[in-house]
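For reference, the structure discussed in these notes is given below.
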Amino acid sequence: MKTNFIPIDYDYFDLNGRNFVRIIGRDESGKRICVVDEYNPNFWAILKDGLSEKKIKSLVEKIKKIEVESGGRKSKVEKVEIHDKNFLGKKVKALKIFVTNHKDMHAVADKLKIKEIEKRREYDIPLISKYIIEKNVDPLVWHEVIGDYIGSGEFGGIADVLKVDVCIKANKISKAKEQKEFNPRILAYDIEANELELGKGKVLMISLYGKNFSKVLTWKYDGKKQDFVEYFKDEAEMLEKFVEYVHEYSPDILVGYFSDGFDLPYLQSAAARNKIKLSLGLDQKPPTFTHGRISSGKISGIVHIDLFRFIKTVYAQYLQSETLGLGEVAAELCGEKKLEFDFAKIGKMNGSDWKKFFEYNLMDAKITYKLAEKIWPDMLEFTRIIKEPLFGISRDSMSSHVENYLLHNLNRFNEIAEKRPTHDEIRRRRSLGKYEGAFVLQPTPGLYENLVMFDFSSMYASVIVTYNLSLSTFLGEGKDEKGNKTLKFSKKKGFFPELLEEIIYLRRKYKEEYKKDKNPLTKARSNAYKLLANTAYGYQGFFGARYYCREAAMATSAFAKKNILEVIEKIKKEGYEIVYSDTDSIAFLRKNRSKEEVLNFLKKLNKSLPGIMELDLEDFYKRGLFVSKRTTEAGAKKKYALISENGKLKVRGFETVRRDWCNLARNLQKKVLEKILREGNEKSALKIVKEVIKKIKTRQVNKEDLIIKTQLKKPIEEYLSQGPHVIAAKKMEMRGLPISVGMLVEYFVGETNKKGGRIRDKVFLPDENVPYEIDYYLNNQILPAVENIFEVFNIKLKDIINGYSQKKLFT
DNA sequence: TCCCTACCGTGATG
DNA sequence: GTACATCACGGTAGGGA
């Protein structure tokens with residue numbers, strides 16, 4: 001038989017000691033399909049230079065005899081092939097060694113620590129990745145499969161157990177001629193429990209939301225029944241119905257928010273307590289959880305996605321949200337609002353409280369669904385570009401994404417993959433310490449007019465490409481004419497810079513396409529390449545990378561610095577005044593020159609840049625404000641505010657954009673900056689400050705504007721320094737409130753009977769009925785937020801706050 | 001108890 | 001352990017006067 005299908009989930013199983021890949025997908029009519037494919041596990045043995053053919057032949061014969069046995073399974077070397085390959089850009093002779101079972105490759109590799117073999121590689125690459133690389137069965141891409149139906153009892157009875165429409169043993173899989181659109185069936189879920197801690201409480205309700213599908217399941221009968229809720233006799237019955245509904249809906253993707261850390265393990269433990277099986281998998285098996293710092297919940301045949309994890313690694317840097325909670329993220333990305341619910345009520349709820357609770361729970365499932373739909377294009381594009389299955393794509397770190405992209409493209413260079421670093425190697429790399437990073441120019445404080453900002457596009461990536469900086473092109477240390485130490489890199493293009501050049505090229509191409517045709521897919525594609533390009537530099541400096549090269553990372557930042565300093569000199573020579581520069585951007589004064597002149601100059605500059613380095617116009621700005629540091633006269637770096645010609649504000653580094661300052665200070669600072677930038681002077685801004693000072697002194701400020709939020713970054717007992725937020729967290733713990741690493745701790749500074757003293761002795765939780773301390777908010781929040789801004793205009797705000805220089809107020 | 005400084009810790013920039 | 005270095009700044013810890 002022959003059919004088109006799209007691979008969604010990958011797994012493998014053993015039969016008679018051999019590995020078979022099991023792909024779950026859909027065919028073009030939407031039927032769920034299982035494709036079983038053969039895979040012959042293999043790894044590489046790179047031979048020592050200059051072995052004679054005779055020697056190699058006898059070595060091959062020796063290797064062919066290797067057998068290992070572990071856990072009742074026997075594996076042997078099935079086949080050995082001799083290949084001409086590249087390793088880190090160098091030509092090598094290598095043996096491709098096929099082993100019966102993937103799990104025994106380590107054991108076989110261990111037996112090859114012999115003098116003729118220089119290195120053993122690729123036994124540490126997961127089977128599914130190797131399979132995709134070798135057989136080109138790429139995830140979320142349409143394929144044509146030719147094969148035979150799997151009958152009852154065949155392949156370990158796979159067709160009897162799996163809840164799929166068709167089961168096929170593949171004979172040949174190739175790319176489909178036509179790439180149709182693919183819309184996965186997404187089902188979102190969310191649970192509520194009476195205790196947050198795993199294993200402690202019970203699951204009170206479960207909500208499900210999908211296309212034309214909306215359910216709330218519960219076993220709580222308090223008050224009158226709601227017509228949108230399904231009631232069950234107990235928790236166990238509810239859990240069983242949940243499993244049934246999941247199978248009925250038949251999702252490709254089951255999605256939750258923080259569900260790796262909460263919902264799925266909670267359901268699993270509730271099922272265990274009730275002595276039932278949470279048989280969510282297409283093979284009727286319960287979810288499994290990978291070990292690791294954060295465990296990942298895997299459901300066989302259905303891709304379980306914890307949206308929070310994908311958003312955290314891939315999306316977070318582009319979000320304005322101060323936390324990555326479902327409410328804030330969904331509000332920003334899809335304009336969906338969470339409902340309100342007072343969790344303090346749990347335990348003493350009446351009928352209408354329950355109704356609210358059910359609605360709240362369902363709304364969470366609904367906005368999770370909407371969010372999943374919204375970011376589906378990004379997950380799809382990431383999957384197609386990196387070629388790893390969706391399950392990993394939605395959870396992997398950025399370094400893994402870069403690395404997987406490399407691994408899936410090495411074949412084009414006939415390259416054997418480098419191994420993962422060992423623990424010892426990681427320790428060594430980490431012990432090397434920091435190397436010199438970017439250049440930041442110290443600005444002179446002041447209010448400037450008519451600024452121009454240039455910036456390099458994907459600067460570090462284009463430096464890597466331009467100067468060919470990578471592990472495989474690193475030649476070692478050398479000396480320049482003056483005898484200074486240098487790092488040498490070969491002229492011959494390495495695969496890393498070459499792939500990166502392609503990424504940059506594709507990024508530019510898809511960015512243009514997006515400009516012409518603004519749709520979520522072209523945007524997601526362009527964005528994925530941008531992220532890869534931006535992370536490539538960090539990857540080479542990352543201690544856990546296969547292609548770690550500290551020298552390449554050092555050289556990248558050094559060449560970047562050299563280039564930007566040269567451009568700064570050229571801009572100065574042209575007669576402009578430089579105001580600021582950080583890493584890849586330069587701000588300078590246009591003075592009386594026209595924009596055309598500036599743009600022509602930019603063109604001229606670009607012609608002088610090496611390789612693929614490219615300088616862009618970031619924008620023209622009407623005004624810009626730079627302030628001094630708090631304690632010295634020197635200009636502060638990474639702290640400025642600009643207003644563009646169409647009136648848009650760009651605020652960087654100021655307290656306005658820092659979430660660990662109270663809203664009163666942040667909002668006031670923002671208003672002050674805006675007034676000054678719009679009006680070109682400080683007059684009306686000063687008025688606003690005075691009003692706020694008065695409000696504080698007369699206790700007219702709402703407490704919510706005084707709350708300070710700080711993240712708890714580690715368990716409280718690990719803190720050496722008892723800062724205010726640690727004290728607040730301790731207070732919460734004493735009261736039995738849930739605290740966890742990563743949460744935002746909220747507190748305010750209140751009045752106590754002692755004057756002065758430590759802040760931490762005056763920390764109160766938001767609900768404590770204590771008046772706020774006027775002096776603290778004046779001197780530690782408002783003053784520091786605006787003092788330096790007014791100093792630019794020679795106004796001493798300290799005197800005004802303390803009421804010394806009343807005369808000055810009215811000048 | 002006051003004052004100074006080193007260090008801790010968070011969260012920003014690019 | 002989960003891309004990099006650079007920077008600002010509040011607040012505590014801890015020693016000396």
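Residue numbering restarts at 1 for every chain, and letters A, B, ... go by the order of the sequence lines.
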Listed nucleotide nearest any side-chain atom of A/Ile759, set C/dA8, C/dT2, C/dT12: C/dT12
Nearest heavy atoms of A/Ile716 and A/Ala729, plus distance in Å: CG2-CB, 3.8 Å
Less than 3.5 Å apart, which donor and acceptor atoms pair up between the side chains of residues 547-555 of chain A and the rest of the protein, not counting sequence neighbours?
unit_1   : atom_1 : unit_2   : atom_2 : d
A/Tyr547 : OH     : A/Glu418 : N      : 3.0
A/Arg550 : NH2    : A/Leu432 : O      : 3.3
A/Arg550 : NH2    : A/Gly433 : O      : 2.9
A/Arg550 : NH2    : A/Lys434 : O      : 3.3

Atom pair distance, as rounded to whole Å: CD1 in A/Ile564 and P in C/dT6: 15 Å
For A/Glu569, salt bridge (charged side-chain N to carboxylate O under 4.0 Å, His left out) partners two or more places apart: A/Lys572
Which pairs of donor and acceptor atoms, one on a side chain in residues 776-786 of chain A, lie under 3.5 Å apart (sequence neighbours left out)?
unit_1   : atom_1 : unit_2   : atom_2 : d
A/Tyr776 : OH     : A/Gln781 : NE2    : 3.3
A/Tyr777 : OH     : A/Leu706 : O      : 2.8
A/Tyr777 : OH     : A/Val749 : N      : 3.1
A/Asn779 : ND2    : A/Asp775 : O      : 3.3
A/Gln781 : OE1    : A/Cys662 : N      : 3.2

All ring pair (Phe, Tyr, Trp, His ring centres under 6.0 Å) counterparts of A/Phe391, not counting sequence neighbours: none
Ring pair (Phe, Tyr, Trp, His ring centres under 6.0 Å) partners of A/Tyr460, counting only residues at least two apart: A/Tyr537
Interatomic distance, A/Asn780 CG vs C/dC9 P [rounded to whole Å]: 14 Å
Of residues 392-410 of chain A, the positions that come close to DNA chain C - non-hydrogen atoms, cut-off under 4.0 Å: A/Ser397, A/Ser399
Distance, rounded to the nearest Å, where A/Arg429 contributes CZ and C/dA3 contributes P: 14 Å
Residues that A/Glu381 engages under salt bridge (charged side-chain N to carboxylate O under 4.0 Å, His left out), provided they are two or more places apart: A/Arg525
Separation of atom CD in A/Gln540 from atom C1' in C/dA3, rounded to whole Å: 11 Å
Any A/Arg630 side-chain N or O less than 4.0 Å from OP1/OP2 of C/dG10: yes
Heavy-atom protein contacts under 4.0 Å, nucleotides 6-14 of chain B, coded B base, S sugar-phosphate only, - none: --SSBBSBS
With sequence neighbours excluded, residues passing salt bridge (charged side-chain N to carboxylate O under 4.0 Å, His left out) with A/Arg420: none
Nearest-Å distance for atom pair NE2/P, residues A/His423 and C/dT2: 14 Å
Whole-Å gap separating C1' (C/dC9) and CD (A/Gln669): 13 Å
Members of residues 547-563 of chain A that approach DNA chain B, where some heavy atom sits under 4.0 Å away: none
Set of ring pair (Phe, Tyr, Trp, His ring centres under 6.0 Å) partners for A/Phe620, sequence neighbours left out: none
Distance-only polar pair, side chains of A/Asp582 and A/Tyr640, donor-acceptor under 3.5 Å: no
Sequence-distant partners of A/Lys562, salt bridge (charged side-chain N to carboxylate O under 4.0 Å, His left out), two or more places apart: A/Glu566
Whole angstrom value for the distance that separates C1' of C/dG10 from OH of A/Tyr777: 14 Å
